[in-house]
Amino acid sequence: MIDRKILHVDLDAFFASVEQLDNPSFKGKPIIVGGSSKRGVVATCSYEARKFGVHSAMSGFMAKKLCPNGIFLKPRMDRYAQISKEVFRILYEVTDHIERISVDEAYLDVTDSDRSPYKIASWIKTTVKNRIGITISVGISYNKFLAKLASDWNKPDGIFEIRPSDVPNILKPLSIIKVHGLGKKTADRLNSIGIFTVSDLLQCDRKTLSYFLGELRSNEIYNRIRGIDNRSLKIKTTRKSYGRETTFEEDIRSKPVIKEVLLQYLFELAFKLVKTNKSAKTVTIKIKFEDFSQITRSHSLLAYTNNLQTFEEAMVLLVDNLIIDKKIRLVGISLSNIV
Ligand code: TTP
Ligand code: MG
């Protein structure tokens with residue numbers, strides 16, 4: 001299975017980067033999130049703080065000792081969740097084939113895209129930087145293990161591709177702790193018999209591996225260190241809706257203009273449905289007025305469809321029935337009830 005195109009994305013020093021985004025005076029400084037309370041531990045820290053040896057899960061006490069001038073902050077989980085959502089929204093513009101690993105980490109399967117994975121990776125990096133203002137590292141390869149390894153390669157703000165022919169040279173010198181699935185304890189035990197690198201581990205036959213790792217895991221690791229990993233992405237099924245909206249530069253009132261904008265969006269949304277082999281049953285429009293009051297109007301179709309014209313008729317009906325007595329600053333449309 002070397003014909004897949006898998007990306008692994010991982011935000012850089014995520015919580016700390018958000019703090020630097022929201023408070024520009026923190027940029028370039030050692031920011032340590034968590035660990036400010038007496039018994040707290042460090043959630044993460046900026047790369048400036050990592051130079052002092054500070055890292056995730058370290059006690060705040062230790063962090064303070066290593067980096068006395070560090071700026072210690074309490075985590076703001078709501079804010080991180082909000083940024084995470086914005087990042088994932090960008091990722092979903094690329095594909096629906098996404099496995100979410102955590103707030104700041106995901107795999108994307110872009111095998112079916114006609115764009116090169118490197119182009120897609122660059123687009124993700126630029127878009128996250130421009131729209132949100134933080135950096136993301138992207139790894140590219142043909143399976144999950146190698147893609148994850150690649151995203152870590154040039155962190156922060158990295159982009160790196162591992163091709164099949166690169167695999168032996170990349171893997172052999174690696175310390176075994178870098179092999180996803182090998183824990184610290186196992187690594188220690190292997191170290192004690194003189195196995196430190198993947199190259200050493202490659203000399204082990206299946207029996208020896210199985211002794212140290214157990215039957216099941218040894219097979220996995222045996223393959224992994226040879227660049228083989230057939231795990232598919234675990235994709236949480238279906239988004240609840242597909243939507244687009246826009247804020248106008250100038251407030252408007254014209255129904256024909258609204259219809260024109262919404263039709264353009266419907267075109268994109270219906271295309272997405274067709275491409276992902278899905279149908280929807282409910283069309284909803286959203287209008288926000290100049291005074292920020294907001295209304296939504298929905299229309300449920302008789303049957304599930306991905307036919308643009310059917311969606312358009314529903315949209316036109318909804319817009320025609322609107323009473324517009326104030327200027328409009330935002331319009332949006334979504335398709336929901338997806339199967
Ligand atoms: P990571 O992606 O592991 O770390 P990171 O994004 O801070 O840094 P890197 O550039 O190396 O990717 O984790 C994402 C977030 O999860 C991190 O910002 C804070 C949180 N986290 C904890 O709260 N505790 C932990 O032990 C770890 C590892 C992460
Ligand atoms: Mg991260």
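In what follows, every heavy atom counts, from backbone to side chain, and hydrogens, waters and symmetry copies are set aside. Numbering of ligands and ligand atoms starts at 1, following listing order. When a residue number appears, it is its place in the shown sequence, counting from 1.
Counting only heavy atoms of the protein, atom 25 (C) of ligand 1 lies nearest to Ala43 O, 3.6 Å. Atom 1 (P) of ligand 1 has its closest protein heavy atom at Asp104 OD2, 4.0 Å. Of the protein's heavy atoms, Phe15 CE1, 3.9 Å lies nearest to atom 15 (C) of ligand 1. Protein heavy atom closest to atom 11 (O) of ligand 1, with residue, atom name and distance, is Arg50 NH1, 3.0 Å. Atom 10 (O) of ligand 1 has as its closest protein heavy atom Tyr47 OH, 2.6 Å.
With a 4.0 Å heavy-atom cut-off, ligand 1 is reached by no atom of Val41. Contacts of Glu105 with ligand 1, taken as heavy-atom pairs under 4.0 Å, are absent altogether. At a heavy-atom cutoff of 4.0 Å, ligand 1 is contacted by no atom of Tyr80, backbone or side chain.
Residue-ligand proximity, Phe14 to ligand 1, at heavy-atom distances under 4.0 Å covers atoms 5 (P), 6 (O), 7 (O), 18 (O). Near Thr44, meaning under 4.0 Å from any of its heavy atoms, are these atoms of ligand 1: 5 (P), 7 (O), 17 (C), 18 (O), 19 (C). Taking every heavy atom of Ser56 and a limit of under 4.0 angstrom, the matching atoms of ligand 1 come to 25 (C), 26 (O), 27 (C), 28 (C). Taking every heavy atom of Asp10 and a limit of under 4.0 angstrom, the matching atoms of ligand 1 come to 2 (O), 12 (O). Those atoms of ligand 1 with a heavy atom of Leu11 less than 4.0 angstrom away are 6 (O), 9 (P), 10 (O), 12 (O).
Within the structure, the closest approach of Pro156 to ligand 1 does not fall below 4.0 Å when heavy atoms are considered.
At least one donor-acceptor pair closer than 3.5 Å links the side chain of Arg226 to the backbone N or O of Tyr222. Asn223 places no side-chain N or O within 3.5 Å of a backbone atom of Gly227 that could act as its donor or acceptor partner.
For atom 3 (O) of ligand 1, the protein comes within 4.0 Å by no heavy atom at all.
Using a 4.5 Å cut-off on side-chain heavy atoms (C-beta onward), Asp157 and Tyr47 make no contact. You'll find the side chain of Asp104 reaches within 4.5 Å of the side chain of Asp10, heavy atoms only.
Within the cation-pi definition used here (under 6.0 Å to the ring centroid, within 45° of the axis), Arg244 does not qualify as a partner of Tyr242. Taking the ring axis of Tyr92 as reference, the NZ or CZ atom of Arg89 does not stay both within 45° of it and closer than 6.0 Å to the ring centre.
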Worksheet item: Are Lys207 and Asp205 close enough, and set up right, to give a salt bridge (Lys or Arg N to Asp or Glu O under 4.0 Å), and what steps lead you there?
Response: CA-CA 5 Å; Lys207 222 170 150 190; Asp205 55 23; over 6 Å; no
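Donor-acceptor pairing under 3.5 Å is lacking for the side chains of Ser17 and Asp12. Counting only N and O atoms by type, the side chains of Thr282 and Asn337 include a donor and acceptor under 3.5 Å apart. Ser113 and Lys119 are not linked by any side-chain donor-acceptor pair at a separation below 3.5 angstrom, with hydrogens and angles left out of the test.
Around the Mg ion (ligand 2), the protein atoms of type N, O or S found under 2.8 Å away are Asp10 OD1, Leu11 O, Asp104 OD2, listed by chain and number.
Around atom NZ of Lys259, more than 12 heavy atoms belonging to other residues, nucleotides or ligands sit under 6.0 Å away.
Applying the ring pair (Phe, Tyr, Trp, His ring centres under 6.0 Å) rule to pairs touching residues 2-33 yields His8-Tyr107, Phe15-Tyr80, sequence neighbours excluded.
None of Lys288, Arg329, Lys286 except one satisfies the salt bridge (Lys or Arg N to Asp or Glu O under 4.0 Å) rule with Glu245; the exception is Lys286.
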